[in-house]
Amino acid sequence: MISDRSKLENPYEDHLATIIDYRDLTSDTRYYKLKFVDPEIQKHTGDYRPGQFAMFSIPGVGEAPFSISSTPTRPAFLEFGIRKVGSFTDALFKKKEGDTVYIRGPYGNGFDMERMEGKDIVIVSGGLGAVPLRSVLLYLEDKRELYNNVFFLNGARTPDDMLFKEDFLAMHAREIIETHLTVDKDPTGEWNHNVGVVTTLFEKINGRVDNDNAYALICGPPVMYKFVIKELLEMDFSKKNILMTLERRMKCGQGHCGHCAIHGVYTCLDGPVFNFWDYERMVELI
Amino acid sequence: MSKGINVKVLSRVEGDGGIKVYVKNNKVEQVLVDIFEGPRMIEALVRGKTFQENVSLVSRICAICTVSHRYASIKAIEKALKVEVPEKIQLLRKLLHLAEYIESHILHVYFLALPDFFRKPSAIALLPTHKETVVEAITLKKYGTELMKLLMGRKIHGENPQVGGFGRLPTNKELDEFAEKAKEYIPQLAAFIDVLASLEIPDYCERETTFMCCNPPNNEFGFEGDSILISTGEEYPVEEYKKLTNERVVPHSYAKRSRYNDKPFTVGALARLILIGDRLTGLAKEKFEKYYTEKWKVNPLYNNLAQAIEALWSFEQIPELVEKIKALPDSEIVEVKNLNGKATAAVEAPRGILYHSYEIKDGKMVNVDIITPTAQFLDDVEEYIRVAAEKLIAEKNEETELHLEMIARAYDPCISCSCHMVKLIEK
Amino acid sequence: MWTSEHKPVVGVFGFSGCAGDQLRLVHMEDELVTLFTTAEIKFFHMAQSHQEVDHVDIALVEGSINTKKQLEELKEIREKSTFLVALGTCACFGGIQYLNEKDKAFEERFKHVYGSNIKKEDFTVGEAIPPQPLCNFVKVDAMVPGCPIEKDNLLPIYTKLIKGIKPQKYPAPVCVECKLEGNDCLLLHGIPCIGPVVSAGCGAICPSHNLPCVGCWGPYEAANYKSMLDKLEEIGVDKETALRKLKLFGGSKAEEELEKVIK
Amino acid sequence: MKTYKLMKEDFPQFLSLLQEKGNLYGPVKSKNHYSFEKIDDLSKLTFNYTRTLMGLKKFVTPPRYKVKHFDKSGSEDIIPENETNIVIGAHPCDIHAMKILDKLFLGQIKDPYYKKRRENLVIVGHSCMPDENCLCTSTGTDMVSDGFDLFLTELQDFYLVWVGSSKGLFIIMSSEDLFSEKIDMCDIAEYTTWQENRQNSFKTTIPFHLMPDIIHLIYEKDELWNQFGEKCLSCGTCSLVCPTCNCFNVEDKILINADEVVRERMLDSCTLPYYSVVAGDHDFRPDRTKRLKLYYTHKLKEYIGKWGQPACVGCGRCVTYCPVGINVKTVSNAFYEAIQCVREVKKI
Ligand SMILES: Cc1cc2nc3c(=O)[nH]c(=O)nc-3n(C[C@H](O)[C@H](O)[C@H](O)COP(=O)(O)OP(=O)(O)OC[C@H]3O[C@@H](n4cnc5c(N)ncnc54)[C@H](O)[C@@H]3O)c2cc1C
Ligand code: SF4
Ligand code: SF4
Ligand code: SF4
């Protein structure tokens, strides 16, 4: 990864990466672990921030953006969680271990982890939103001593739909980060955590967060934001400390193609992480 | 139950048809060329459309005869509405028509008919053994389609030719390129004709029939005319086309059928060369004189050779025609002032006479009658197949189905023409 | 994509239409040989003698459905194919033969052509039914409209399909291509072009030849018929003529949309 | 800025000089419109025109171009070759538009394809007279002082030649005898008269300066936007012809005759239906009103916030070419008038 794209002669430069591992997270979402082919590039694998994304490219199919799900503190490889929704992801899912894709990045602002040092952090994710936030979680686990209280609230429709379920259950057990998991419904009957939408988890942390000194990081389906933000505002979170990562159509990833524009900002440059002030200022953000 | 031969889907023709031969006690009872194409009834749906819209619609009757349909339609409209177009426009239309002849005849002879002689399923399957021929075929055909593209706007159903002129006229430079290339291709095609003529033509389907074609003006060879020549020696103005076609409906085809004096007849390249081949010029004339025999009159398989000769003639016309066109000034589309009239026009589509007969009122189509070549010769195809089937069955020929298909194919039937439908009350 | 897996089996099928889309394949002279060598082409009756297979990876289906027999065949093709492409305006929208279908034009036309003594059931080649686009009967995975299709709108999709890649759609009207071709807009000069409601793909050939778009690529997905009608009226085209123009090649989709607008 | 005088009789020689230096492009008339075309025959050039269909953007972000090539051995960027393309006849609005594109493509992250094409381009501007669709006095782009290599102001017997770059100066230096530095008071007087004449010829002004706030305040008043949304054809014309609209789409094409892929970019438009569709077919801007909102907020509000000027240079192309009359002029005026109405009624 080459984090300062502006230094590149060609910021569209991409690099071959090999799929070294993959497995199904849910029926339509897959975990990928990748390593760059070129050792020089591989050296810089960890050169990104949690919350940033990479552009994947498969010749003949095209390009698509995906959030990096691994943490820069473990720089030996990159991890992703990818849902099969259409043409690019369909082609990606046909790839097997040892196959390659092109990757360029990292892109986007990502989370400013240093600024959050010493603070409380509440991480709320729903569905696919767990993918970018997993990067933050792993980062925090590795640098836990730098932060104050850390809470992780994660929801999915059913236990089978929960991405990284095993990882998160293990995280729950490790107790480095206080983890609360929930599902909307439990048709299996084997789920022994919370049942209910993600906002029902807030009572578990109520009164335990240092609101003036806390950050909230949110990612999930568009409907989720409104409810979660309401909870957070009720908890008196500072608007600038409510951070969310968003999705838009992107063709270039670096502010040229126009597709991700929301009012005057480009999701790829000025986002995908926005704060609640941005939300208030820009009607169509979510 | 009668035993039958069923050439399920007639391959390598434009559209979908099939042949059924019903046989009982080694005797052929009935031959049916089925047309599976559903009815499109274009003649009925163009009623109430403007004449310009009519041109766009009727050219969609058939992709392979798109130019001929467009040409016939424009001609009939201009005749009905008394529109005079400048000579340049007339010559450009002629050039476009020649392009279609090249495209259609080359496609048919090389791609559709030739593989049979080598017992191959397609021209592409000929690649390993006859690469040069296939490459030549592709090159020559491309010439035709590219020239069509230049003048029509695209290779099929281009809207550029309009009543009164062309939307965009080609530049002299563009025309020159085609003239030069035509000169280059003439010898190639001439050599191919010799090869084609050397192929053995089976004689299992011989029978006498009647031939018809347009009589081009000035005693020249050509692909249009205001009267129809018949091998019986008669000649009729195109306006009397109904006498020559007598359409009727048959249950095994949405395409109608024609007979002349209650007998099947043949139109197309073979008919043209038999009737007016002596008017050919240049190398085409040489080839015709060299290879023409009385056999042509009784065996439809000679149609392939006739088409190749016509393609050669078409190539030979182009350089001279281009020179004439270049010398004439450009002109805008002629405005149509008179919006009422009635007329019939005929052009020779590559596979035979094509009639468009119109009545226009206030600029809109009131009555439209279109008679396609396929509608005219299908009865004749059935007859030939009957004759051949009898003979082949008697001989216990193992390739009966292939041979029957070859006959149908030789006619180059453009089955999409079945969208042609005419008002006719069955008695 | 560089790994060559099995050669895909492509079936080319034709129903009612002018056979122009199949012919357009044959007219891809420069690609013809590769067309036949990169895939196993089956049922392409126009170009080769018949061969049978149980299953095709990609079915390219031309023409509208005009008889009950064709309908049965279409269903069979759907069952036996993985990816079905509607090829050409007839297959996508019904084509010109669909014209005024909403006004029950079919019965009247049938009588006009065959006379009142002949019934649809009399035809042994399949009873005639009002022409319909494929999607009215079966799931269509991709539409490639065109009357006939053009190389540049089929090949990008086709080359993806034979590599097992799903094509993406990004619909645009003729005007986009018209501008990219550098043409002035005919509507501004009072020429009734219907490009704004017609699918791109032809390369804006008609406007590039100084002629108004006749609509042969079928309706544009985001067509604004109401505004188009208003614009045509503004430049002096009467309502009847305007509607006729929009329906000419618009098939089922245009007639449905126009019905809503007129209400 | 260095300024020279070029006599009209020497103009043809100047053009030939340009032709020697590179591929010359300039305004050419075809039937009803003008466009910048390659000039082989100098007599085809016309300078008496208001606007070309496409501005200078076609030289730097062509309608469709290849950016990458892939084959078995790997990938390769397709950066244009070094060459000199000289375009003569660009008007001040065109040059301003180019400056806006420069900001976008040559900001912090430099687009290599744009960069090369831009470096290859020499811009020789030309003075113009406005028609009723020209809005550049309202956008502050009626005059231009940089962004060109040379700029010609056409006066009675001579041109004033403004030098905007060393490339421009280099052209002058290579044929010094054509140009004179002696500009006398008469010449200056003539220029000033021309200037004033031009200023007085502008017929249209729009309250652009009010638009950022107005748009912000009425953003959710859909009744104001819908009058345009209902009319819009989603035809893309407005943004395709707009000299500052730069959106592109990217598409991979697999070549059939070779095992190769080319990645192509083509001009896109935010008025098209799938512009903002993301995974799972979620569409952020499913209707025309929403898409037009993006277009006009971007042009008339947000860009000002970011760069201090609208992303509109007042060239009047959308005014001329939108078939249904939706353009910066009608949109701004409609909003302004809606407010004006209230002011009159309520006497505010
Ligand atoms: C910053 C960012 C991070 C993302 N992170 C992830 C992730 O971690 N995991 C994951 O599964 N998905 C993620 N996505 C969404 C992912 O990019 C889309 O699912 C993917 O592009 C869909 O491509 P497709 O060709 O399979 O789908 P199709 O539906 O076939 O796509 C249709 C078209 O839309 C484009 N498209 C669709 N959605 C998007 C999009 N969001 N952005 C850009 N182009 C789009 C595709 O490129 C294509 O051109 C992210 C998107 C963004 C913007
Ligand atoms: S000429 Fe037709 S296709 Fe071209 S922009 Fe105008 S309306 Fe659209
Ligand atoms: S505003 Fe006008 S030019 Fe732009 S997309 Fe709509 S109709 Fe077309
Ligand atoms: S918005 Fe319209 S007037 Fe403004 S720069 Fe674009 S095309 Fe010109």
Please state whether the side chain, the backbone, both or neither of [X] comes within less than 4.5 Å of a heavy atom of chain B.
X: C147(C); value: both
X: E150(C); value: side chain
X: L211(C); value: side chain

Determine the option with the most heavy-atom pairs under 4.5 angstrom with chain C, choosing from [options].
options: V135(B), V46(B), L45(B), L127(B); answer: L45(B)
options: K142(B), Q162(B), H157(B), E146(B); answer: K142(B)
options: R47(B), E53(B), R168(B); answer: R47(B)
options: T66(B), T139(B), L57(B); answer: L57(B)

Hey, is the main chain of [Y] close enough, under 3.5 Å, to the side chain of [X] for a donor-acceptor pair?
X: S59(B); Y: R70(B); result: no
X: T241(C); Y: V237(C); result: no
X: N153(C); Y: C202(C); result: no

Electrostatic pair E240(C):R244(C) at N-O distance under 4.0 angstrom: yes
Parallel, tilted or perpendicular: rings of F118(B) and H130(B) (30°, 60°): tilted
So, for P131(C) and S64(C), which heavy atoms are closest and what is the spacing to 0.1 Å?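 In terms of heavy atoms, the two residues are closest at CB-OG, 4.0 Å.
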Set of side chain to side chain donor-acceptor pair (under 3.5 Å) partners for E29(C), sequence neighbours left out: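 If we apply the side chain to side chain donor-acceptor pair (under 3.5 Å) test to E29(C), skipping adjacent residues, the hits are K141(B), T145(B), K155(B).
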Side chain, backbone, both or neither of [X] within contact of chain C (heavy atoms, under 4.5 Å):
X: Q52(B); answer: neither
X: K364(B); answer: side chain
X: L169(B); answer: neither

